[in-house]
Protein chains: 10
Amino acid sequence: MIFLARMDVTFPAHLTQEQITDFTAREKEYSGGLQRSGKMAGIWRIVGEYANHSIFDVESNDELHQILSGFPMYAYMKIKITPLAKHPNSIR
Amino acid sequence: MIFLARMDVTFPAHLTQEQITDFTAREKEYSGGLQRSGKMAGIWRIVGEYANHSIFDVESNDELHQILSGFPMYAYMKIKITPLAKHPNSIR
Amino acid sequence: MIFLARMDVTFPAHLTQEQITDFTAREKEYSGGLQRSGKMAGIWRIVGEYANHSIFDVESNDELHQILSGFPMYAYMKIKITPLAKHPNSIR
Amino acid sequence: MIFLARMDVTFPAHLTQEQITDFTAREKEYSGGLQRSGKMAGIWRIVGEYANHSIFDVESNDELHQILSGFPMYAYMKIKITPLAKHPNSIR
Amino acid sequence: MIFLARMDVTFPAHLTQEQITDFTAREKEYSGGLQRSGKMAGIWRIVGEYANHSIFDVESNDELHQILSGFPMYAYMKIKITPLAKHPNSIR
Amino acid sequence: MIFLARMDVTFPAHLTQEQITDFTAREKEYSGGLQRSGKMAGIWRIVGEYANHSIFDVESNDELHQILSGFPMYAYMKIKITPLAKHPNSIR
Amino acid sequence: MIFLARMDVTFPAHLTQEQITDFTAREKEYSGGLQRSGKMAGIWRIVGEYANHSIFDVESNDELHQILSGFPMYAYMKIKITPLAKHPNSIR
Amino acid sequence: MIFLARMDVTFPAHLTQEQITDFTAREKEYSGGLQRSGKMAGIWRIVGEYANHSIFDVESNDELHQILSGFPMYAYMKIKITPLAKHPNSIR
Amino acid sequence: MIFLARMDVTFPAHLTQEQITDFTAREKEYSGGLQRSGKMAGIWRIVGEYANHSIFDVESNDELHQILSGFPMYAYMKIKITPLAKHPNSIR
Amino acid sequence: MIFLARMDVTFPAHLTQEQITDFTAREKEYSGGLQRSGKMAGIWRIVGEYANHSIFDVESNDELHQILSGFPMYAYMKIKITPLAKHPNSIR
């Protein structure tokens, strides 16, 4: 089941550069795991923004929320989810 | 070069059902060709809307505009394009 | 899997009163079937608007889109879907 | 009398993790009480957001405001209320 | 129970001046009845717009929707409802 | 001359509970005076929000601005004013 | 008493060029009268739009609405009014 | 050359009352100078808001930006500019 | 003096293909003249939309409005103008 | 390949004037380099705002993101990108 996500990240002013570096590293690891498991089918940077569009392939809304809320930076993200269905013109 | 598109279709009231059927068939053929050539990397229906999200992989803005304006239903589409770049966390 | 829907209905000017009455009757029948099957867990009128909020309980995004696009008035509806997950404070 | 609510929670930066844990526990208790009394007919997490959609069944606007303003996290919530009426297609 | 309404009227192009005059007269009568019964506590023109703000005092959401959908011009109105509660600073 | 106001209150984080209590008391007194003088014809809480809708009956825009800017919490309010005229259907 | 107006004009498709020319002439005459009487203190075209910003100096909201609804093109205008007060930095 | 401006002022929390008083005084002086030179043709308070609408009469966009960025409170202002042209109905 | 424009074109349903072809040809000629005279410093298609961004270099707001309202398709355009000034980092 | 950018700058309150001066100088140098290399084809101040519109001429979305994220003030910028294609009426 496919969902499009848009995630915008905003760090609060009190975070140190070290903390941000740590968050970034943990985020990369978490994101890599999701991709290797096939749960995240793609992730792209939105040009000029600290934001991404990503595509998730999950079993349920609950699984999707569990995955999203597990992102190390989740508390600093604003996420918008669009549920997608098979398109009649898709050849896949 | 990757772009996310959102396309919303609105048919004017004067179109006949035959015309719509014809448009739909030509759209499917055009869309299939784009997918087979790799120019359109994916297309999904937005649940509950006469709209899609699709991903394009093209050489330039000009090529993308040429592809989009070639859609048989182009005159009835409202299209929004988001340019995407490689994400540092992408494993691809 | 739970989704909240908001559906706004706008009839085009060329529809006759008879056609609207017919649409309304078919809509009621379709909607009743969805409720009896448990796919639609609730539907309420938004006060003062020709619109509803409804709750769907379905297996997948594809099933939800199939259900929504089967509404007799689908062509005249603007639908917005919000995917919902279990809330930690829910006692159900 | 039915109302749909959307509640978005934003904690200010100065709250400690302990305070948030305490708020969360009190919120769960308050929310459970509302559900057991039938005043809150349902609550769901909006996927990917620190927000919920919930349905209230109350006697009056005043009672609804009293219930909402009693939430332990009320000061940190942005709430939007939509009044709902019986839908002619509802089979309940 | 108090509700604030904003109603915007848009007549479709096919209505004749006679029809509009007839609608206007019936609207005035209906509105007068609501005020005499106390259901509508006030109505004002929004300066420069074919729109009003009005205040309703009703028993329930269902009664409010019944009243609103009874307006002769209801099909041409866009209505937005805001539920109101007693304000602690009100001296009434 | 009638105006509809919507006032949203947001306290900055640095205010103490004592300061807020003091503001609240002074606000109640100021608001009461306006109502007794007839300048404020009504005030209601917007359900679920730290906001009100109120109706002012004043001689001029200048008087209205003077009244509004005199609210003890004025610095923390976001105010939106809608000028109202007599409605042809009003029976008052 | 000063108000800023923004007026956007949209002619329906069924108007003939003659009708539009007639409307335009009557509008110019009406507008000229308002300016000579001092009720309209200024009117400017918004660059690139079929719209104006204008400033009115009137006795009351009721007078302003009467003036605005008297514009020959009133039925085709969307008007937004902002009430203005004396500014402490104004030297007039 | 005429421009309509809307300026909204928001002071950051760390400013002292003294600093605000000082800013206010300098702002009044700067604004007075602009009016005496004819560069600012009018300024009005927007009722209920810490904001103004003002009209500028300048030689160029560059001069307008220079004037606006010279306001003592410029760093705390959000400014929106609308370019205006002569209106065919203006009698000036 | 530099202005950024965004122009969106929407043809009404009653235009024939011949009329659109004629409009398109006249538009191209008019646009070419503006570019050759230096009044229009650039024009680009917005990818996927029947819209352009263009840059104008003119003497005044009045000249800009005269130029814009001279476009053959002006009645079918929605235009938004942003006034631009010299940027301190520009090397031109 | 051409892109229009709009960049809005907001400095956090904790930056000192020295830091801002330093950022400003580095920004000017970086911006100058982009212009000399032809990557930035133009930059203009939006009148009355701490914002610019600029035009980029780059090889790819990835190059554009790399350039934008290299701005010294990038962390304090909100950037919106519009992809542009050749316009059929352009004479260049």
Side-chain angles (χ1 to χ4, degrees), chain C residues 1-9 20-21 23-58 60-61 64 67 70-74 77 80-92, chain D residues 1-9 20-21 23-58 60-61 64 67 70-74 77 80-92:
Chain C
M1 216 166 59
I2 307 296
F3 293 87
L4 176 70
R6 178 185 166 125
M7 307 185 195
D8 289 76
V9 180
I20 291 177
T21 303
F23 270 122
T24 305
R26 287 161 52 207
E27 190 85 0
K28 191 183 184 78
E29 184 181 333
Y30 185 77
S31 178
L34 288 174
Q35 291 171 75
R36 280 183 292 271
S37 72
K39 293 300 182 187
M40 185 193 270
I43 178 169
W44 299 270
R45 175 67 75 218
I46 298 176
V47 174
E49 307 193 41
Y50 195 6
N52 71 66
H53 270 301
S54 43
I55 291 180
F56 290 88
D57 185 350
V58 295
S60 68
N61 290 349
L64 179 57
I67 286 172
F71 272 99
M73 294 181 185
Y74 181 66
M77 286 174 170
K80 179 158 183 333
I81 296 295
T82 305
L84 300 174
K86 184 169 170 52
H87 194 285
N89 295 353
S90 176
I91 62 173
R92 292 189 181 177
Chain D
M1 216 166 59
I2 307 296
F3 292 88
L4 176 70
R6 180 187 164 125
M7 307 184 196
D8 289 75
V9 181
I20 290 178
T21 303
F23 269 123
T24 305
R26 287 160 51 206
E27 191 86 359
K28 191 182 184 79
E29 185 181 330
Y30 185 78
S31 178
L34 288 173
Q35 292 171 74
R36 280 183 292 271
S37 71
K39 293 301 180 185
M40 184 193 272
I43 179 168
W44 300 270
R45 173 68 75 217
I46 299 175
V47 174
E49 308 193 39
Y50 193 8
N52 71 67
H53 270 302
S54 43
I55 291 180
F56 290 89
D57 186 351
V58 295
S60 69
N61 290 350
L64 179 57
I67 286 172
F71 272 99
M73 293 183 187
Y74 181 65
M77 285 174 171
K80 180 160 184 330
I81 297 296
T82 305
L84 300 174
K86 185 169 169 50
H87 194 286
N89 294 354
S90 176
I91 63 172
R92 291 189 184 178

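Each chain gets a letter, A, B and so on, in the order its sequence line appears, and its residues count up from 1.
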Can you tell me which portion of [X] sits under 4.5 Å from chain D's heavy atoms? Options are side chain, backbone, both or neither.
| X | answer |
| --- | --- |
| Thr82(C) | side chain |
| Ile43(C) | both |
| Leu84(C) | both |
| Lys86(C) | backbone |
| Glu49(C) | neither |

Checklist entry - Do you know the tightest heavy-atom contact between Gln35(C) and Ser90(D)? => result OE1-CA, 3.4 Å
Checklist entry - Any idea which heavy atoms bring Met73(D) and Glu27(D) closest together, and the distance? => result N-OE1, 3.0 Å
Checklist entry - Does any N or O in the side chain of Asn52(C) come within less than 3.5 Å of the main-chain N or O of Arg45(C), such that one atom is a donor and the other an acceptor? => result no
Checklist entry - When you measure from the side chain of Tyr30(C) to the backbone N and O of Ile67(C), does any donor-acceptor pair fall under 3.5 Å? => result yes
Checklist entry - Got Arg36(D) and Ile91(C) here, is their nearest side-chain heavy-atom distance under 4.5 Å? => result yes
Next on the checklist: Does any part of the side chain of Phe3(C), heavy atoms only, come nearer than 4.5 Å to the side chain of Val58(C), both counted from C-beta?
Outcome noted: yes
Checklist entry - When heavy-atom pairs shorter than 4.5 Å are enumerated against chain D, which of Gly48(C), Pro83(C), Ser31(C) gives the highest number? => result Pro83(C)
Item to check | Which atoms of Ile2(D) approach chain C - backbone, side chain, both or neither, heavy atom under 4.5 Å | outcome: side chain
Checklist entry - Lys28(D), Arg92(D), His53(D): which one forms the most heavy-atom pairs within less than 4.5 Å of chain C? => result Lys28(D)
